[in-house]
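Down below is the structure, laid out as structure tokens.
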Amino acid sequence: ATILNPQLCILWFKDHWRHYQSWYWKAETSMKVVFQRYVDAEEDEEVNMDPPRRKLPATSSHDSRYQRALTVDTSLLTGARSYKKARKTTELQQYFDAHVEDLQDAEGRDSHPLWASPLTWWLKVGQKRYPTLFKIALDFLAIPSTSCDCERAFSGGRRTVTIDRGSLSGATIEALQLQKNWLR
């Protein structure tokens, strides 16, 4: 998630791991692999979509089969899919390259979106500029950095379900746990 923080980006790794080149290269390569997975997934979604078809007046089933046989997926002729893939693969590099310019642009301006939370920047700026990276950022920034809340919930559950309360239903335990959490 550090790479997806617009204040830090790839420069954080270059700066803090300058004596450990292999670590830096691994972080960058890992991000490229994740990015490529998202690009491939988007491409698979587009391939699975049926090409747009013209509405034709109702005729016999033979005529409609004939018309369907004559339909052509124009993206295959124009190469639109391969163009999209080439454009998407450069999106990650554009994000890395634009980082220094973004920092210089935001310097001295307290209200610049770059100084807000990473999620705010991705919602205001990154969503339009880097649509694929935006999806990755939403997925990765949603992961909590620690598991303290989860562990606390399990500990609370242990205190709720005692020997005397061993026959409580799952729904009742869930309701008690949620109520304890909401009252904090």
Side-chain angles (χ1 to χ4, degrees), residues 1-54 68 71-154 181:
T2 304
I3 262 181
L4 296 170
N5 184 333
Q7 294 175 12
L8 305 174
C9 195
I10 196 72
L11 291 180
W12 186 90
F13 294 100
K14 285 183 179 179
D15 183 36
H16 287 82
W17 292 352
R18 71 182 81 143
H19 301 295
Y20 307 100
Q21 278 290 337
S22 63
W23 294 5
Y24 161 72
W25 289 113
K26 184 167 178 143
E28 187 176 18
T29 305
S30 296
M31 184 61 204
K32 287 179 181 178
V33 167
V34 169
F35 181 76
Q36 192 57 49
R37 285 183 189 154
Y38 274 76
V39 169
D40 292 343
E42 283 181 357
E43 199 171 271
D44 289 344
E45 288 174 9
E46 290 174 4
V47 168
N48 292 335
M49 292 175 53
D50 292 332
R53 304 203 186 275
R54 290 183 287 143
R68 277 186 292 184
T71 356
V72 175
D73 185 2
T74 55
S75 66
L76 297 173
L77 296 172
T78 59
R81 288 191 181 137
S82 62
Y83 167 74
K84 244 183 182 177
K85 186 173 184 176
R87 182 177 55 84
K88 294 277 187 189
T89 54
T90 60
E91 183 181 314
L92 180 63
Q93 195 57 45
Q94 288 172 356
Y95 171 68
F96 289 157
D97 294 343
H99 180 66
V100 175
E101 292 173 20
D102 289 345
L103 284 174
Q104 290 171 346
D105 184 44
E107 195 171 324
R109 293 174 37 196
D110 293 338
S111 63
H112 195 277
L114 189 65
W115 305 129
S117 73
L119 183 60
T120 303
W121 185 87
W122 279 105
L123 290 171
K124 288 183 178 179
V125 179
Q127 184 176 10
K128 295 175 193 97
R129 274 200 217 164
Y130 314 108
T132 305
L133 282 171
F134 172 71
K135 292 175 186 175
I136 297 171
L138 288 185
D139 289 345
F140 278 62
L141 293 175
I143 300 171
S145 58
T146 66
S147 61
C148 292
D149 290 333
C150 300
E151 292 171 13
R152 197 173 296 124
F154 279 110
N181 189 18

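No experiment lies behind these values; they were computed from the predicted model shown.
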The test is side-chain contact (heavy atoms from CB on, under 4.5 Å); show your working for T120 and V125 and say whether it passes. CA-CA 8 Å; T120 303; V125 179; over 6 Å; no
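- In this pair, W122 and Y130 present their aromatic rings perpendicular. The plane angle is above 60°, beyond the 30 to 60° band.
- Heavy atoms of other residues, nucleotides or ligands lying less than 6.0 angstrom from CZ of F96 number more than 12.
- Residues I10 and Y24 are in side-chain contact: their nearest non-hydrogen atoms beyond the backbone lie under 4.5 Å apart.
- Taking NZ of K128 as the start and CZ of F134 as the end, the distance is 9.5 Å to the nearest 0.5 Å.
- Between the side chain of E91 and the backbone N or O of T132, at least one donor-acceptor pair lies under 3.5 Å.
- Across I3 and A27, no two heavy atoms sit closer than the pair CD1-O, 3.9 Å.
- Between Y95 and W121, the ring planes are tilted. Angles from 30° to 60° get that label.
- Going from atom NZ of K14 over to atom CH2 of W25 covers 7.5 Å, rounded to the nearest 0.5 Å.
- The line from CG of L11 to NE2 of H16 is 11.5 Å long, rounded to the nearest 0.5 Å.
- Here K26 contributes atom NZ and F13 contributes atom CZ; the two are 12.5 Å apart, rounded to the nearest 0.5 Å.
- When side chains are defined from C-beta on, M31 counts as touching L133, because their heavy atoms get closer than 4.5 Å.
- No more than 12 heavy atoms of other residues, nucleotides or ligands shown are found within 6.0 angstrom of CZ on R37.
- The distance from atom NZ of K135 to atom CZ of F35, rounded to the nearest 0.5 Å, is 10.5 Å.
- Looking at Q36 and V39, their side chains come closer than 4.5 Å, going by heavy atoms from C-beta outward.
- Atom-to-atom distance recorded for D97:CG and C9:SG is 9.0 Å, nearest 0.5 angstrom.
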